[in-house]
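The block underneath contains the structure these notes are about, expressed in structure tokens.
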Amino acid sequence: MMSLIDNYKIINSETDTSIILLHSYGKTEKRKKDGNLKDTKCNKKEDESSEVFAFNTEEKIKSMMEVFNKHIAESRANTMEKRARRNKLVFLVGINIGIRAGDLIKLKWNFFIESLNSDGTVEKFKEYYDLKPEKQKKQNKFVRLHFNETVRRAINEYVENFPITNLEDYIFFATDNSNEHISYHALYEMLKKTAKEAGIKENIGTHSLRKTWGFWCWHKAMDKSKALTILQKCFNHSSVETTLKYIGLLDSEIKEMYNSIELGMEYI
């Protein structure tokens, strides 16, 4: 017979130690150290949406950046500043290259950088990188990624403050003295907390980064239909409708449709 202690599993992450309660009927609850439920998908109520949203306005992106810069300015120790700059960098890279969070957290410096100067700053960036996404490894598929000026500037800003010693190191480290990358859960928690501090009301998660890239690719495209076709291929979606839903366009279009109809108002 399984004892009470057998129903618990401890998971270590960068931010805390999580206690997961495994119920006999198969449901898993994730709890914090204090026993309170974590805000994760498995803890959502049946009638509560687990959908996460893109940063679909300039104001939201600006608000996130202001919080990141505030944390950098308020850092009292070198390790705190390094982590604050890492958080800013993972956000900027995430919304500008549009890969899954599981692939994002495993990026190393040699993903972007061809060579370094003697002082650990960037001598030469790569023009592109052929990435084999984690979910497509069995198909042996590669995705060619190109880097915009925002990504280059963000990396340069980081390495000017914290020079690179090894191109094989993870960019988004777990802790300053470890050779491990940030965990998926730690990235999720960081984005949730930053968005809350930034005053963003929508549900934010790791998928928000990739959805943001997709939304703005569509939003700024001259040919929207062509953009959707390209995004569908980039996201490996089975239909354009799935892509529309993923980047949040169906929701905004439905809202716009409802708001466009005002029947009987003149008689009120």
In chain order, what residues pass the salt bridge (Lys or Arg N to Asp or Glu O under 4.0 Å) check against [X], with sequence neighbours excluded?
{"X": "Glu127", "value": "none"}
{"X": "Lys233", "value": "none"}
{"X": "Glu58", "value": "none"}

Contacts of [X] that satisfy ring pair (Phe, Tyr, Trp, His ring centres under 6.0 Å) - sequence neighbours left out:
{"X": "His181", "result": "Tyr170"}
{"X": "Phe172", "result": "none"}
{"X": "Phe162", "result": "Tyr158"}

Residues which pass side-chain hydrogen bond (donor to acceptor under 3.5 Å, both in side chains) with [X], listed by chain and number, not counting sequence neighbours:
{"X": "Tyr184", "value": "Thr206"}
{"X": "Asn117", "value": "Thr121"}
{"X": "Asn78", "value": "none"}
{"X": "Thr194", "value": "none"}

Contacts under 3.5 angstrom, residues 60-69 side chains, donor-acceptor by atom type, not counting sequence neighbours:
residue: Lys60; atom: NZ; partner: Asn56; partner atom: OD1; Å: 2.8
residue: Lys60; atom: NZ; partner: Glu202; partner atom: OE1; Å: 3.4
residue: Lys60; atom: NZ; partner: Glu202; partner atom: OE2; Å: 3.1
residue: Ser63; atom: OG; partner: Glu59; partner atom: O; Å: 2.9
residue: Asn69; atom: OD1; partner: Lys88; partner atom: NZ; Å: 2.8
residue: Asn69; atom: ND2; partner: Met65; partner atom: O; Å: 3.2

Which pairs pass side chain to side chain donor-acceptor pair (under 3.5 Å) with one or both residues in residues 220-230, sequence neighbours excluded? none
Between His237, His207, Gln232, Lys211, which is the residue that forms a side chain to side chain donor-acceptor pair (under 3.5 Å) with Tyr246? His207
